[in-house]
Amino acid sequence: MIIFEEPRYLILHIAIAFIAISLVATIVYELRKPPQDPNDNPDTKRMNDILKD
């Protein structure tokens with residue numbers, strides 16, 4: 001595994017690690033948020049009112 005030993009690939013490894021960590025953090029953040037109620041959106045309420053009539 002010569003790639004892991006050469007210092008010129010250090011920036012590449014740091015970039016890959018940063019991207020992977022940020023993707024995992026984004027997924028965890030999005031999964032921890034409570035789901036939004038679509039009926040809270042004023043456009044959805046207006047559309048529902050129109051469809052009821």
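Because the structure is a prediction, the values reported are computed rather than measured.
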Asker: To the nearest 0.5 angstrom, please state how far the CD1 atom of Ile14 sits from the CG atom of Leu10.
Answerer: 4.0 Å
Asker: Would you compute the distance between atom CZ of Phe18 and atom CG of Leu23 and round it to the nearest 0.5 angstrom?
Answerer: 10.0 Å
Asker: What's the spacing between Ile16 CD1 and Ile21 CD1 if we round to 0.5 Å?
Answerer: 12.0 Å
